[in-house]
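Just so you know, ligand 1 is whichever comes first in the structure, and atom 1 is the first atom listed for that ligand. Index from 1, following the sequence.
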Amino acid sequence: MPWTHNRAGPFCPHVSSVVDAPSSNVMSFSMAGAVRARSAGTSSAGAQGASVPFAEDVKAGLSASPKRLLPKYFYDDLGSTLFDAICLLPEYYLTRAEDEILDRHAREIVDAVGSPLDLVELGSGSAIKTRRIISAALESQPTLRYSPIDISPSALNASSEALSREYPNVTVDGIAAEYLEGLKSISRNGSVRTMVLFLGSNIGNFEPHDAVNTLRAVHDVLNDGDALLLGADLKKDRAVLEAAYDDAEGVTAAFNLNILARINRELGGEFDIKKFAHRALYNDALGRVEMHIVSREAQTVRIAGLGMEIHFDRGETIHTESSYKYDRARLADLAGLTGFELTNTWNDTRGMFSSNLLRAIKPLSTDVYHHVGRKRDP
Ligand code: TRP
């Protein structure tokens, strides 16, 4: 299995984050680039330095059987940069496919929602894809408020400041927080529509019931007629999917293994990274790519900061992430379960990826209960 040393990649069109617990910091970036900081909720778990939740989650995950680590911990500064590099890989078609869709249809998407609108983004888009929507919106309204929510303060800071500089008519209100916490602190302007962007394959990283909970939390902050633009990778040939998550140069391997390096850096772990391998497998029955870290040999690893030693059998795995693949029926189900109606779907020309416009319907339609009764997961 290929493996390379961690190395920083170039600029990426999208910074992704995956969350499942409350936190954190809220920062605002005004047009002039000034940074205003307000606090949202509990403790701050910044991208740098050990945090209590990280230590606790690592301890619990590596004590569990089978072992697991939470995907949100991929995105420290190095991890965010490695993910930027993944977006440029020939095998990782997702970013380019979505960008093609937004390049062709941004105008249509904005028109379908109606302007003026405010934009909120989950997992701050650092570049091209978000800019396509911003540019399209500015064709029909003179100014725009954009509130990106991201778990990585440094990624958020960099992208927010760049956007503020580039678009003098855009007010960037960056929120450094996990999604659910960040959503609670966005300020609503009652007279304009809100469109929430949830791009990339972020939704795919949620287990089905967490995807439902997250979209319900989005729905909660929206008014009737507001919209969610949801990126979703589509089910397809196993070989194409597995290559996208296990590229020939080993960048994805470095990204996955960086979570062990992060434990070394922040928790005094003694993982010898070379003794672990990256594995990505498509689980057809569950419709998801599963990412694992595999122990190449039997070994015991000390983590000083946790005061524990972890034993690995040869071939034992740590499950680090799943990436669920969707089809239109599943997306329509997900919309129905969360108070939305799936009104439009755009695919790229190769039919690899979909951008979906979900319209908020209030109150949750009774159909929701029908769906819940019929089926537990979307
Ligand atoms: N959101 C991305 C996806 O599911 C995350 C991702 C891409 C990822 N490559 C990865 C996560 C490799 C773990 C390992 O497409």
**OP:** Report, in ascending order of atom number, the atoms of ligand 1 lying under 4.0 Å from any heavy atom of S323.
**Re:**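 Under 4.0 Å from S323, ligand 1 has these atoms: 3 (C), 4 (O), 15 (O).
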**OP:** Using a strict cut-off of 4.0 Å, indicate which atoms of ligand 1 neighbour a heavy atom of M291.
**Re:**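 Matching atoms, with element in brackets: 11 (C), 13 (C), 14 (C).
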**OP:** Pick whichever of F74, Y245, F83, Y92 has a heavy atom sitting closest to atom 10 (C) of ligand 1.
**Re:**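 When every heavy atom of F74, Y245, F83, Y92 is considered, Y245 comes closest to atom 10 (C) of ligand 1.
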Original post:
Taking the minimum heavy-atom distance to atom 12 (C) of ligand 1, which of L257, V289, T252, L199 ranks first?
Top reply: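 Looking at heavy atoms only, the winner is T252.
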Subject >> Lys/Arg-Asp/Glu bridge criterion (N-O < 4.0 Å) met for D99, K129 >> reply: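 The answer is no: the pair does not qualify as a salt bridge.
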Subject >> E56 and K59 ion-paired at < 4.0 Å >> reply: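 Salt bridge absent between E56 and K59.
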Original post:
Which heavy atom in A360 sits nearest to a heavy atom in L222, and how many Å separate them?
Top reply: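 Heavy atoms of A360 and L222 come nearest at CB-CB, 4.2 Å.
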Original post:
Which residues pass the side chain to side chain contact (heavy atoms under 4.5 Å, CB included) test with E207, sequence neighbours left out?
Top reply: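 Per chain and number, E207 pairs via side chain to side chain contact (heavy atoms under 4.5 Å, CB included) with H209, D210, R288, S322, Y324.
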Subject >> Contact partition for N256 relative to ligand 1, non-hydrogen atoms under 4.0 Å >> reply: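 N256 to ligand 1: no contact under 4.0 Å from either part.
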Original post:
Is the shortest distance from a heavy atom of N205 to ligand 1 less than 4.0 Å?
Top reply: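 It does; at least one heavy atom falls under 4.0 Å.
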Subject >> Any N/O pair H278/ligand 1 closer than 3.5 Å >> reply: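 No, there is no polar N/O contact under 3.5 Å.
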**OP:** May I ask you to check whether K325 has an N/O atom sitting below 3.5 Å from an N/O atom of ligand 1?
**Re:**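 Min N/O separation from ligand 1 is not below 3.5 Å for K325.
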Subject >> Pairs meeting criterion side-chain hydrogen bond (donor to acceptor under 3.5 Å, both in side chains) with involvement of residues 303-315, two or more places apart >> reply: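 Those involving residues 303-315 are T300-H311, H311-D313.
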**OP:** Could you tell me whether K275 sits above the aromatic face of F312, with NZ or CZ closer than 6.0 angstrom to the six-membered ring centre and within 45 degrees of the axis?
**Re:**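 The answer is no; the distance or angle limit is not met.
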